[in-house]
Visitor: 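Questions regarding the structure given below will be posed in turn.
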Amino acid sequence: MSIIDDIKESVIRGHIDVNSKYPPDLKDKPGVKDLVQKAINDQIDVSQILRQGLIAGMEMVGKKFSDGEYFVPDMLLSAQAMKGGVQLLEPLLKGEDTKKLGIVIIGTVRGDMHDIGKNLVGMMLEGGGFRVIDLGINTPPEKFIEKAREHPDAVIGMSALLTTTMENMRSSIKALRDNGLQNKVMIGGAATSQKFADEIKADGFTRDAAQSVQLVKKLLGIAA
Amino acid sequence: MSIIDDIKESVIRGHIDVNSKYPPDLKDKPGVKDLVQKAINDQIDVSQILRQGLIAGMEMVGKKFSDGEYFVPDMLLSAQAMKGGVQLLEPLLKGEDTKKLGIVIIGTVRGDMHDIGKNLVGMMLEGGGFRVIDLGINTPPEKFIEKAREHPDAVIGMSALLTTTMENMRSSIKALRDNGLQNKVMIGGAATSQKFADEIKADGFTRDAAQSVQLVKKLLGIAA
Amino acid sequence: MTFDKLTIAEPGDLIFGRAPKPLKFRRGFEIGSGQVFPEINFTLPQMIIDESSWQEVKQIYKDIIEEVCKRAVDLYTPALVVEFELLPPMTMNPDWGAEITGILAAKLEEFYKKYGLKSALRVTPVDIRDNDRPPLMRSGIMVGNMFKSFELCAQAGADILSIESTGGKEVHDEALVNADLQAIVFALGILAVNDMQFLWDKIVTIADRYNVIPGGDTACGFANTAMVLADKGMIPRTLAAVVRIASIVRSLQAYRQGAVGPGKDCAYEGPFIKIITGTPISMEGKSSACAHLSCLGNISSAYADLWSNESVQNIKLLSTYAPVVSVEQLIYDCRLMNIALKEGNASAIKYRDWMIKSDAFLDPQAYIFQPDIIFAVAQKIVDAASPYKMVLSAVGETLKILDHAISENALKINDTELRWIDILAMQFETLPADEGILIDSMKYSQYADKYLPEEYGIQ
Amino acid sequence: MTFDKLTIAEPGDLIFGRAPKPLKFRRGFEIGSGQVFPEINFTLPQMIIDESSWQEVKQIYKDIIEEVCKRAVDLYTPALVVEFELLPPMTMNPDWGAEITGILAAKLEEFYKKYGLKSALRVTPVDIRDNDRPPLMRSGIMVGNMFKSFELCAQAGADILSIESTGGKEVHDEALVNADLQAIVFALGILAVNDMQFLWDKIVTIADRYNVIPGGDTACGFANTAMVLADKGMIPRTLAAVVRIASIVRSLQAYRQGAVGPGKDCAYEGPFIKIITGTPISMEGKSSACAHLSCLGNISSAYADLWSNESVQNIKLLSTYAPVVSVEQLIYDCRLMNIALKEGNASAIKYRDWMIKSDAFLDPQAYIFQPDIIFAVAQKIVDAASPYKMVLSAVGETLKILDHAISENALKINDTELRWIDILAMQFETLPADEGILIDSMKYSQYADKYLPEEYGIQ
Ligand code: B12
Ligand code: B12
């Protein structure tokens with residue numbers, strides 16, 4: 001098994017380095033950091049390490065999650081492990097490799113303090129290769145507008161869980177448009193639905209974080 | 001107890017005439033018809049017989065129904081009894097007494113065969129002194145339009161019980177307006193609500209037949 | 001198939017989960033042999049059904065069945081019955097109903113293969129003959145489309161065929177608000193029974209041809225209308241109870257023509273049919289409050305082989321879509337019944353009796369659901385010589401029982417109701433023993449123009 | 001009030017409808033002395049709450065309470081508890097919450113006088129401190145408005161005060177998705193407990209001043225979040241079970257400060273609190289599927305003194321508005337429990353045990369709801385010396401119990417879960433016995449910037 005495969009495998013298992021005790025059975029064994037360092041020393045093409053090792057591993061992780069074999073914490077461990085590897089590669093990577101797929105601005109709308117769902121979405125998107133700007137909870141339209149101005153190409157993600165804050169998605173979208181901002185907007189949260197998304201002229205909706213990556217790609221025209 | 005009171009009482013009890021066996025305890029006793037005839041012979045003012053006897057009695061019946069002391073069949077018996085009396089008075093009555101309060105055109109909208117609720121509404125309205133034109137079930141917009149043309153002052157009542165026929169209320173109302181007809185429209189039926197009525201620009205809504213009389217009066221500006 | 005004695009000979013043997021004539025289904029399970037299963041129903045949210053919305057309609061049914069099956073698997077339900085109750089346009093255009101049937105059947109098959117979810121699909125076309133007044137029951141385009149609908153749905157993957165048929169309803173609707181017992185008995189004991197004979201003979205033939213199960217019918221349009229009207233205080237609860245009893249015979253007729261169950265959920269006359277025929281029944285109660293309120297919330301589950309929510313629109317609640325909420329509640333209710341059954345007969349009977357005690361003394365409609373009363377009334381039915389006579393003696397028996405219950409103070413009832421017990425008894429006295437006389441007298445009644453005798457094979 | 005031993009000394013005495021410390025209410029009934037009553041909750045449909053919509057908001061609450069009370073009377077419910085869970089703007093503007101409280105209280109009073117409907121009103125302001133991150137727990141305008149809200153609602157006619165408080169949540173939310181047991185224990189065993197001490201001391205003072213009942217709190221924001229996440233397959237069910245156990249002590253703290261129950265419906269830790277304190281509890285399960293799905297549908301009713309639907313929007317179903325549907329279902333569920341109770345202890349216990357068997361072996365979160373386990377865990381809690389130590393020994397005990405259950409094959413669980421049992425056990429080993437050490441180490445953790453130690457009275 002090549003070192004690239006080892007890297008991929010340790011990303012999947014979420015084993016950061018030789019000192020990290022998770023997963024129990026890999027304790028004291030070399031982790032992603034160690035292997036990536038070794039690969040670098042062995043002069044292996046860095047973008048191959050990145051793509052066939054780290055990213056390939058993370059893709060498997062996403063799949064395992066969708067298949068119910070992994071939980072969110074499993075994913076987070078892998079994400080951490082991957083980050084460790086990427087940090088070592090960064091100085092050596094050429095531009096196009098580090099470039100993010102795009103920017104997503106997410107926030108829970110005004111009056112709503114639920115953010116676990118939103119946070120998971122953010123996490124998934126980062127894992128999926130996007131830069132995520134999190135505006136937190138209780139986000140007034142002005143804040144969405146401000147950030148949208150700074151990033152006209154960014155996709156905006158709004159979350160709401162209360163029947164009494166859903167309407168703030170409508171007003172936030174309207175505020176964006178009234179200010180001439182054309183950023184694509186996607187929405188989500190327990191109380192929302194595709195029907196509601198259509199009604200308030202949102203560009204996209206998903207019922208769970210997992211699908212949000214696909215959705216953003218679609219909205220940005222990266223994927224169909 | 002005056003004969004007027006007797007008439008009122010027999011309307012309330014729904015005792016038509018001496019031959020009718022309902023209600024059991026009044027069997028073989030003079031009923032509304034007999035008493036009204038006697039009153040006429042005694043030269044009592046006919047409009048007094050109508051107002052203080054028959055109509056006053058029917059009003060009590062309505063009240064008893066709202067208070068849960070009467071069922072619909074009780075009301076129907078009284079209504080029949082009253083009709084019997086009115087028939088005797090009609091030839092002697094002056095114009096304004098016979099004049100109806102107004103016209104109501106009711107029907108269950110296209111695609112919907114539920115009509116018990118609608119029929120009850122019609123019954124209540126007749127009891128309440130309105131002329132009711134019943135278009136039956138499965139009523140296409142054209143039929144509403146045709147009748148509305150004939151009676152521009154009539155109130156139109158639409159009924160629908162299916163989530164999949166409610167929308168036909170919207171289209172029926174639109175059709176009326178598109179044809180320049182301004183008849184007031186009220187709606188009802190299990191699936192409908194005030195919210196839905198507002199949404200489809202209906203002029204009125206009630207959850208039950210009892211309230212429909214008040215509603216029509218309001219729509220016709222007869223009552224506040 | 002005539003039933004001249006009770007298949008369940010002991011009131012003590014009438015219980016949820018067990019029926020003398022269980023039914024086997026191809027996706028791996030049996031109804032009536034010791035377990036109660038959820039039967040989930042659902043319908044469209046507020047929308048129009050036409051060509052323009054058809055794609056959306058299909059998508060909605062796809063979403064519903066997917067979510068419902070997922071939840072059923074998550075909660076380890078031993079088996080799931082799904083009812084697809086067509087909406088009128090889906091029967092008027094038989095292809096549409098068949099298309100949805102196909103979608104549902106395919107998904108059930110998929111979940112059976114993937115996750116071992118055992119299931120059966122009940123399909124219920126609409127009795128669109130009711131579209132015209134007076135309705136044409138045996139001729140005309142509606143009749144044609146209705147039977148076509150059964151045919152195509154059977155082909156498309158239905159496991160069970162049912163219908164809420166409406167023969168006689170055109171008379172019954174008005175008779176009901178008039179509390180006119182004579183017309184009610186005419187509608188249910190003569191018109192309805194004749195139509196059931198005609199209708200179910202054909203449905204059974206179709207079912208046999210495609211080798212699907214001819215389920216059963218329901219007096220929904222008669223007795224449930226009465227139940228809803230009584231609940232709204234529009235007609236006496238006693239009358240609603242009598243109408244329920246008077247409707248047993250017309251629903252029973254389906255089984256005489258060859259239906260084998262499971263009875264339809266909204267057929268609250270089911271327990272009477274179960275004790276007579278021994279076929280499994282579907283019931284609904286508190287579980288179907290989303291579809292109509294009722295005074296039979298618990299007692300209705302005492303004899304259920306399937307436990308249903310009757311129907312709910314696909315709208316979003318705080319947790320998820322309403323059909324998923326319903327299926328979860330049904331599954332939990334069934335778990336309790338199945339645990340009691342597993343513990344043995346004593347426990348099951350104990351639980352059954354709690355369900356009965358819960359409601360029986362609070363409403364005449366619930367009172368008649370006690371095992372000994374079901375037994376007594378059913379006995380009267382099997383003993384009688386003709387459908388009309390069955391209705392007469394069942395109604396007579398019921399009036400006696402209610403009268404007795406009231407004088408014994410065994411039943412909560414208010415004065416407004418009391419008055420009506422007497423009136424109904426009086427009316428009952430005037431019913432002729434010979435149905436011919438009734439048929440003739442109806443020709444000159446206020447109902448004469450509501451129905452077409454020839455459409456019921458009577459002059 | 002310290003609890004150094006179990007008030008309910010026998011697992012066999014832990015049952016629905018009976019609590020050693022029943023509660024009396026002015027509108028004519030008692031909770032915990034032999035009957036289970038429905039607790040109905042409802043909320044607004046999709047809409048904005050502001051000056052412009054306020055009239056409509058009030059009308060909606062008026063309609064709901066009217067319809068709900070009508071149905072409760074029609075179904076002869078022995079008594080009805082209504083919960084009004086404020087929405088954030090109603091606590092931010094304390095007058096608004098009080099106005100709705102007044103509307104509801106007046107209607108309950110009217111139905112009590114007119115129809116003898118016994119009732120009590122629970123009012124639950126929002127923990128709006130959660131509005132800022134990191135939140136100010138003891139200072140600032142939010143704190144002021146929150147207590148003002150309690151005060152005005154108590155004045156306006158509340159009978160019971162409750163809250164879903166969120167102290168420590170700012171750490172717990174992230175700890176949860178990281179499955180970081182150390183941070184979870186810190187959040188629940190230290191931050192949350194300290195906040196409960198501060199918060200409930202004040203709530204009890206307010207309650208006493210207006211002579212209303214200080215009900216109880218709920219770990220909804222912690223353990224129900226975990227339950228929902230687990231149900232969505234996002235975190236291990238085992239973790240959710242552990243979080244539930246770890247949350248008992250923070251909810252118990254309310255009672256140490258003087259709360260007397262009834263516990264809040266969504267506090268699934270209720271049974272543990274009931275066995276320790278002897279106070280009546282409200283529970284929810286299949287009845288609250290409209291609010292969130294769950295794996296505790298039946299078992300949660302095994303110890304309930306009130307039976308709740310948690311919450312449902314006021315939207316129209318096929319029968320009527322959703323809150324009326326919920327209250328009907330609750331009433332029927334309660335009828336069964338009350339009949340079993342009336343039949344005597346053996347019957348009640350039998351029914352309780354069916355509820356337990358129904359769910360206990362299908363999910364770790366349900367498994368820990370068995371009487372002997374509740375007893376064992378509660379015992380560990382009352383035996384421990386400090387809140388932190390209580391959490392440690394309760395969690396330790398639970399991990400042991402689950403591990404044993406799995407090795408005995410007494411609990412359905414899949415491999416993905418199995419992996420996590422070991423990880424959690426490992427993490428548990430690393431927890432320091434001295435909370436000071438944990439407090440210090442958290443200062444340098446990834447959670448350091450999430451919370452303000454001084455707002456919890458720690459450095
Ligand atoms: C946890 C929780 C809380 C926690 C919040 C913790 C937190 N930091 O978020 C606390 C305790 C603080 C809380 C408070 C309240 N809550 Co709360 N809460 C919940 C609960 C139990 C779970 C929510 C959750 O985290 N779900 C798990 C996540 C993963 O799911 P999710 O949020 O749906 O997100 C997923 C998808 O929706 C999607 N998604 C989400 N956002 C986005 C965004 C985008 C762009 C995309 C593409 C996708 C997407 O992806 C996510 C992952 O798959 C729900 C119950 C429920 N049925 O949802 C009630 C619930 C939402 N809360 C409710 C209520 C009433 C409240 C309070 C008013 C209670 C009170 N009286 O104190 C306050 C209000 C606070 C406020 N102003 O918001 C009600 C709402 C009723 C209503 N009227 O709408 C609910 C439904 C509970 C109930 N049944 O009554 N709550
Ligand atoms: C009786 C009934 C029938 C009878 C109808 C008898 C008749 N002649 O009306 C029959 C059996 C024919 C029938 C057929 C069907 N029905 Co149907 N039926 C009912 C039932 C049980 C009661 C309706 C009723 O009469 N209520 C009593 C009356 C008095 O109440 P009401 O109609 O609401 O009217 C009152 C108020 O609304 C108001 N009102 C009514 N109209 C108007 C009009 C105006 C202007 C005003 C001001 C007021 C007003 O005043 C009335 C008196 O207070 C309901 C259940 C329910 N929860 O409503 C289902 C129900 C409406 N039916 C339903 C269904 C699905 C059907 C069928 C499709 C079933 C099938 N597969 O065969 C067919 C469709 C036929 C069709 N195309 O319409 C569903 C609807 C689901 C949905 N998607 O919307 C329901 C909700 C049953 C259920 N829970 O599944 N049904």
Visitor: Is there a donor-acceptor contact under 3.5 Å from the side chain of D:Gln313 to the main chain of C:Lys316?
Guide: yes

Visitor: Side chains of D:His292 and C:Leu318: does their closest heavy-atom pair fall under 4.5 Å?
Guide: no

Visitor: Not counting sequence neighbours, which residues clear salt bridge (Lys or Arg N to Asp or Glu O under 4.0 Å) with C:Lys350? List them please.
Guide: D:Glu343

Visitor: So do C:Lys357 and D:Lys342 actually touch side chain to side chain, heavy atoms under 4.5 Å?
Guide: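 In short, these two side chains do not touch, never coming nearer than 4.5 Å.
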
Visitor: Please report the interatomic distance CG(C:Leu317) to SG(D:Cys290), rounded to the nearest 0.5 Å.
Guide: 6.5 Å

Visitor: Atom OG of D:Ser287 and atom OH of C:Tyr332: how far apart are they, to the nearest 0.5 Å?
Guide: 11.0 Å

Visitor: Can you run down the salt bridge (Lys or Arg N to Asp or Glu O under 4.0 Å) pairs that involve residues 285-297 of chain C, sequence neighbours left out, and say none if there aren't any?
Guide: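 Pairs touching residues 285-297 of chain C that pass the test: C:Lys286-D:Asp333.
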
Visitor: What part of C:Asp359 is in contact with chain D, defined as an atom under 4.5 angstrom from a non-hydrogen atom: side chain, backbone, both or neither?
Guide: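 Contact with chain D is through both the backbone and side chain of C:Asp359.
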
Visitor: With only heavy atoms counted, which part of C:Ser326 is less than 4.5 Å from chain D, the side chain, the backbone, both or neither?
Guide: neither

Visitor: Any sub-3.5 Å donor-acceptor pair from C:Ser319's side-chain atoms to D:Ala289's backbone N or O?
Guide: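 A pair under 3.5 Å: yes.
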
Visitor: Given side chains that start at C-beta, do those of C:Asp353 and D:Ile339 come closer than 4.5 Å, heavy atoms only?
Guide: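 No, too far: nothing below the 4.5 Å cut-off.
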
Visitor: Mind checking whether C:Tyr351 and D:Trp354 have parallel, tilted or perpendicular rings, split at 30° and 60°?
Guide: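 The rings of C:Tyr351 and D:Trp354 stand perpendicular, inter-plane angle above 60°.
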
Visitor: Using a heavy-atom cutoff of under 4.5 Å, enumerate the residues of residues 73-90 of chain C that contact chain D, numbered in order, or state 'none'.
Guide: C:Leu75, C:Tyr76

Visitor: Let me know if C:Glu328 has heavy atoms under 4.5 Å from chain D in its side chain, its backbone, both or neither.
Guide: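 Contact with chain D is through the side chain of C:Glu328 alone.
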
Visitor: Could you look at C:Ile331 and say if it's the side chain, the backbone, both or neither that has a heavy atom under 4.5 Å from chain D?
Guide: neither

Visitor: Counting heavy-atom pairs closer than 4.5 Å to chain D, which one of C:Val312, C:Val324, C:Asp231 comes out on top?
Guide: C:Asp231

Visitor: Would you please name every residue forming a salt bridge (Lys or Arg N to Asp or Glu O under 4.0 Å) with D:Lys70, sequence neighbours left out?
Guide: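 D:Glu67.
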
Visitor: Please look at C:Leu296 and chain D and tell me whether the side chain, the backbone, both or neither of the residue comes under 4.5 angstrom of a heavy atom of that chain.
Guide: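 For C:Leu296, the contact with chain D is made by the backbone alone.
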
Visitor: Tell me, for C:Lys412 versus chain D, whether the close heavy atoms (under 4.5 Å) come from the side chain, the backbone, both or neither.
Guide: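 Contact with chain D: side chain only.
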
Visitor: Can you tell me how far the OG1 atom of C:Thr320 sits from the CG atom of D:Leu293, to the nearest 0.5 Å?
Guide: 6.0 Å

